[in-house]
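Note that the structure is predicted; figures quoted are calculated from it, not measured. Counting starts at 1 for both ligands and their atoms, in listed order.
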Amino acid sequence: MPLNFRTYHDLTEPDRSGLAEQIGAQRRRVAERLAVVARVVAVMSGKGGVGKSFVTAHLARALARMGGAVGVLDADLNGPTVPQLLRVPVASCTLHDGVVEPAVSPEGVRCFSMGLLIEDGRPLAFRGPAAESFVWRGALEATALRELLADVAWGPLDVLLVDLPPGMQRFTELAELLPEPPPVVAITIPTPESEDAVRRALHAARDRGAPCLGVIENMAGGPFVGDAGDTLAREFAIPLLARLPFHPSAHEWDRIAHRVGGSA
Ligand SMILES: Nc1ncnc2c1ncn2[C@@H]1O[C@H](COP(=O)(O)OP(=O)(O)O)[C@@H](O)[C@H]1O
Ligand SMILES: [Mg+2]
């Protein structure tokens with residue numbers, strides 16, 4: 001594991017007073033790494049299994065086909081799926097002098113994911129007292145995100161897409177690490193349950209001051225009944241970027257890429 005997750009108890013200074021400086025230095029490294037990234041876009045949803053990772057990966061591939069320099073950060077630390085979707089071979093990111101070089105997909109999408117570090121099929125494990133893991137696990141996951149953003153050398157990018165896990169906690173952590181909250185794309189499926197979860201997520205993003213580029217209704221025209229995409233777009237006065245069927249065509253991805261990628 002190349003990334004060095006420091007915890008309070010790992011610090012060796014007599015009074016452990018170095019913590020604030022260490023975090024400050026890390027935040028400066030995050031700012032330096034992202035200084036050459038023109039745009040960070042967070043792909044989010046309150047809900048799991050609606051296609052965040054699927055949309056992120058296909059959108060990234062479409063942007064790369066259009067000639068953009070694109071990166072994907074898989075911020076789902078516990079259920080990383082981006083490498084598979086981008087067809088990036090496991091263990092293909094490299095480390096030298098504490099800097100992580102992202103893996104590169106066949107289309108040229110740069111990618112970093114916990115899935116590239118962890119043994120195939122194994123869960124992410126942190127060192128610590130197992131009995132109290134509920135106390136520190138959240139804090140360590142937030143730390144992990146900060147380490148990733150500080151250590152992965154994306155190089156110049158037109159767009160860095162961040163594939164978020166369900167819920168809004170990781171979004172909040174991301175927004176706090178960036179100079180300003182990133183624009184978001186919200187993914188829903190047509191159903192009222194998904195609508196409800198995504199509504200909460202959109203409120204949370206809006207409360208943080210994040211601009212919303214729009215909502216994508218995924219898995220439309222299949223077994224899921226509802227009009228979550230239209231309803232949310234109307235309610236938040238944001239564009240319905242796409243209503244995606246199962247197995248969208250390359251043309252459909254290109255169309256969304258034009259709308260989300262800007263100049264990429
Ligand atoms: N439009 C689609 N057509 C076909 N399969 C899809 C579509 N959207 C998502 N999937 C599949 O559904 C599953 C869940 O999608 P995923 O992107 O992992 O969801 P999330 O990241 O929101 O949890 C995955 O197996 C994915 O490949
Ligand atoms: Mg996912």
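In this structure, atom 9 (C) of ligand 1 lies nearest to the protein heavy atom M219 CE, 3.4 Å. Annotation: atom 27 (O) of ligand 1 to nearest protein heavy atom, F54 CD1, 3.4 Å. Here the heavy atom of the protein found nearest to atom 23 (O) of ligand 1 is G49 N, 2.7 Å. Counting only heavy atoms of the protein, atom 3 (N) of ligand 1 lies nearest to H247 N, 2.9 Å. For atom 19 (O) of ligand 1, the nearest non-hydrogen atom of the protein is G51 N, 3.0 Å.
When non-hydrogen atoms are compared, ligand 1 lies under 4.0 Å from the side chain of N218 (C-beta onward) but not from its backbone.
At least one N or O atom of V50 sits closer than 3.5 Å to an N or O atom of ligand 1. Among the atoms of L85, none of the N or O lies under 3.5 angstrom from an N or O of ligand 1. Residue K47 has no nitrogen or oxygen atom sitting less than 3.5 Å from a nitrogen or oxygen atom of ligand 1, judged on distance alone. Where the criterion is an N or O separation shorter than 3.5 Å, residue side chain and backbone included, T81 fails it with respect to ligand 1.
The protein does not reach atom 25 (O) of ligand 1 closely, with no heavy atom under 4.0 angstrom from it. Taking a distance limit of 4.0 Å, we find that atom 13 (C) of ligand 1 is approached by no protein heavy atom.
Between R29 and D151 there is a salt bridge, since a side-chain N of the basic residue sits under 4.0 Å from a carboxylate O of the acidic one. Using a cutoff of 4.0 Å between basic side-chain nitrogens and carboxylate oxygens, R208 and E176 are scored as salt-bridged. For the pair R199 and E195, the salt-bridge criterion is met [side-chain N within less than 4.0 Å of a carboxylate O].
Per-residue contacts place S53 under 4.0 angstrom from the following atoms of ligand 1 (heavy atoms of the residue considered): 17 (O), 21 (O). Each of the following atoms of ligand 1 lies closer than 4.0 Å to a heavy atom of K52: 17 (O), 19 (O), 20 (P), 21 (O), 22 (O), 23 (O). Within ligand 1, counting atoms from 1 as listed, the ones closer than 4.0 Å to a heavy atom of P248 are 1 (N).
Contact between P245 and ligand 1 is present, with at least one heavy atom of the residue lying under 4.0 Å from the ligand.
Distances from the Mg ion (ligand 2) show that T56 has no N/O/S atom below 2.8 Å.
A donor-acceptor pair under 3.5 Å is formed between the side chain of R206 and the backbone N or O of F236. Checking side-chain atoms of R243 against main-chain N and O of A220 turns up no donor-acceptor pair under 3.5 Å. Side-chain N or O atoms of R170 include none that pairs as donor or acceptor with a backbone N or O of P165 at under 3.5 Å. Listed for the D163 side chain is no donor-acceptor partner under 3.5 Å among the backbone atoms of T56.
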Show me the donor-acceptor pairs within less than 3.5 Å that the side chains of residues 43-50 make with the rest of the protein, sequence neighbours left out.
residue	atom	partner	partner atom	Å
S45	OG	K47	N	3.0
S45	OG	K47	O	3.4
S45	OG	I187	O	2.8

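For the residue pair E252 and S249, a side-chain donor N or O sits within less than 3.5 Å of a side-chain acceptor on the partner.
Side chains of V72 and L85 form no contact here, defined as non-hydrogen atoms less than 4.5 Å apart. Between L174 and P181 there is no side-chain heavy-atom pair separated by less than 4.5 Å.
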